[in-house]
Every structure is written in structure tokens, then in C-alpha cells.
Protein chains: 2
Amino acid sequence: MFSIDLTSRVPIYEQIYSKITELAISGTLSENSQLPSVRSLAKDTRVNPNTVAKAYQELERRGIIYSVPGRGSFVAALDSGIFREAALSDFDAAAKTAKKRGVSADVLKQHVDGIFEKGEEI
Amino acid sequence: MFSIDLTSRVPIYEQIYSKITELAISGTLSENSQLPSVRSLAKDTRVNPNTVAKAYQELERRGIIYSVPGRGSFVAALDSGIFREAALSDFDAAAKTAKKRGVSADVLKQHVDGIFEKGEEI
DNA sequence: TAACTGTATTACACACCATAGTACGCATTG
DNA sequence: CAATGCGTACTATGGTGTGTAATACAGTTA
């Protein structure tokens, strides 16, 4: 379920955070579905339980999941609009930078088409 | 000439690196023009000279500037194509994320148009 | 010569990341 | 009730990256 890159500069807890966020937003993990326990995920990924706990706590702090001591952790009810807005904000920033670098609007639109022509490449 | 955010998570040397890169690419700092010395920039920004030196060494390593012991550091002859490619790569990544979040190709193209309609807003 | 330049070195402090081990309270299951 | 699994909390340790501090050296320039 999770692949961790130990050589990456990105902290492990952040990799876990991103993975679960992606799965939750995309709907792969449906609302209120239970996540693997801190200990089981730690065992599977061969990572320290503290590291997984840190990821879960960060996910809860940002409202992606909710945790119940004694029961487990579950996917929260997500407002996908917020994540869409954030993605669009990043997109705008990238487009502005490309513009500064001398890339034309047409080229950027072609890139958009190129990305959307491809299938579900995740 | 440089403003440093000491509270930022981005390392100081990386902030200096980014600033100078931006100035060099935009042409604000023309080719072969001399940069402030390590010590003077360190004094102006109230940063340790070693930190500035680290930024300059990274800039030289990536071909943005060249340094001559005893003389100073200067803006290199830049191949703008490299930076255009990098900007496009970032743009693609942002577009893919937006796609994952459920944003349509048309909306993204509208955003591109919106950015290019505006004047030189830097 | 004097004052500048980039560069190199050593040392220290601090924060972040990750691991290890232990412990507590709560919920579920047998 | 007892056992197990759950999230959570805590201390301790080590590694790495960042930033500062203080020198020192060789090359360039006025």
C-alpha cells in the first residue's frame, strides 16, 4: 500500500503524509474508511512507529484524517474544493514563472493538452 | 539589493541563490557584471560570510555565475533554454496535480490566458 | 605595500529527522 | 475479566543540515 524512499531528501513522515493525502482526496480511500494502524503500517514499511505516528498526527492536524485512541484512524469528510483551490494556486505560480522565462501561452496550453490526453497515469 | 527572511524554512544560502538566479535570468544582472563580494553582501544582509560563500559556490556549480579568487564573482553567460525547460517541468507537475484534483483542461487554459492577459506584473 | 577578492579550515550551537524503548489509557474481542 | 490492539506520550540517542565564529591563505588591484 505504501512505498517509502529512504534515500529521498523528503522526510519519511512527509512521504506518508503525502501518500495518504493523495489517496484520500482522490477517493481511493473513502470517507470514514479505516487506515492501517500506526504499528502495522510501521511494520509494513519497516519504519519506526514514531515516524508513522508523526505523519498521522500531521494528517489529523490538517483535517485529512481523524484518530480515536483505542479504535484507530479514519479518513475524514474532505472538502475537495479546498484542495482544488490550492492546486490551482500552485498552477498559477508555475505558469507565471514559465511566462517570466519566456514561454508562450500557446506552449503552456499544449502542455495542458498533452497531460490531459494521457490516461490515468498516477 | 537582497532581502533575507530569517524566519523562513528556506535556508538563507538558498534564498540568496534563488534571488541571484532570478536577477541573472531576468537580465537585471547582465552578463559578466560583477556581483557584490562575499564579505560585503554578508555585511549588508547581516549574514555570516560563510553562508554567502556557500550560496556563491552553489551558483557557480550550476553555472549561474563564475568566481575568480582575488577578483570577484560575475554573472555567467546563461543558456536561457535550460531555465525555460525547468520552468516547464514545474508547470507540468502543477498541471498534473490540478488534474488529479479534478480540475478540467479548459479551466487550466483559462488560467493561462488570465495570467498572460495581465501586463508585466512582477 | 595595503586593501581587497574567493577559498579553506576548524569549532560550536541549534533544529530537524529517525530510531529505540517504555508506558499509559481506551476499545474491542474472546 | 483478561488479552490484544489502538492512539498517544515520553525520554534518550545518533545523524544530518544549517548557520555562525574565527582564522588563515593565496591571488588581484590600486
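Here is the naming used below: chain letters follow the sequence lines, and residue numbers restart at 1 for every chain. The structure displayed is predicted, hence computed values, not measured ones. Heavy-atom basis, side chains included; hydrogens, waters and symmetry copies ignored.
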Return the set of residues passing side chain to side chain donor-acceptor pair (under 3.5 Å) with B:Thr28 (not counting sequence neighbours), or none when no residue passes.
-> B:Ser26

Pairing residues for A:Ser40 by the side chain to side chain contact (heavy atoms under 4.5 Å, CB included) criterion, not counting sequence neighbours = A:Pro36, A:Ser37

Sequence neighbours left out, what passes side chain to side chain contact (heavy atoms under 4.5 Å, CB included) with A:Asp90? Give chain and number order.
-> none

Set of salt bridge (Lys or Arg N to Asp or Glu O under 4.0 Å) partners for [X], sequence neighbours left out:
{"X": "B:Asp113", "answer": "A:Lys109"}
{"X": "A:Arg84", "answer": "none"}
{"X": "B:Arg71", "answer": "none"}

Restricting to pairs with a member in residues 30-57 of chain B, which pass ring pair (Phe, Tyr, Trp, His ring centres under 6.0 Å), not counting sequence neighbours?
->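 Sorted pair list comes back empty.
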
Tell me the ring pair (Phe, Tyr, Trp, His ring centres under 6.0 Å) pairs involving residues 6-51 of chain B, sequence neighbours left out?
-> none

Between the protein and nucleotides 5-8 of chain D, list the N/O to N/O atom pairs that are separated by less than 3.5 angstrom.
from	atom 1	to	atom 2	distance (Å)
D:dG5	N2	A:Gly70	O	3.3
D:dC6	OP1	A:Ser37	OG	3.3
D:dC6	OP2	A:Ser37	OG	3.3
D:dC6	O2	A:Gly70	N	3.2
D:dG7	OP1	A:Val38	N	3.4
D:dG7	OP2	A:Val38	N	2.9
D:dG7	N7	A:Arg39	NH1	3.0
D:dG7	O6	A:Arg39	NH2	3.0
D:dT8	OP1	A:Glu60	OE1	3.2

Would you give a per-nucleotide map of nucleotides 10-16 of chain D, 5' to 3', where B means the base has a protein non-hydrogen atom under 4.0 Å away, S means only the sugar-phosphate does, and - means neither?
-> B------

Does the side chain of B:Lys54 get closer than 4.0 angstrom to OP1 or OP2 of D:dT18 through an N or O atom?
->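 For B:Lys54, the contact criterion (side-chain N or O under 4.0 Å from OP1 or OP2 of D:dT18) is met.
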
Determine: side-chain N/O of B:Thr51 to OP1/OP2 of D:dT18, distance under 4.0 Å, yes or no.
->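 No, because none of the side-chain N or O atoms of B:Thr51 sits under 4.0 Å from OP1 or OP2 of D:dT18.
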
Remaining members of hydrophobic cluster (4.5 Å side-chain criterion), B:Val68 |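 Its cluster mates, by chain and number, are B:Tyr66, B:Phe74.
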
Please list, in 5' to 3' order, the outermost nucleotides of DNA chain C lying under 4.0 Å from any heavy atom of chain A.
-> C:dC17 to C:dT28

What integer distance in Å separates A:Lys43:NZ from D:dT4:P?
->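 That distance rounds to 14 Å.
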
Worked verdict on B:Leu29 versus B:Leu35 for side-chain contact (heavy atoms from CB on, under 4.5 Å) = CA-CA 8 Å; B:Leu29 289 174; B:Leu35 294 168; 3.6 Å; yes

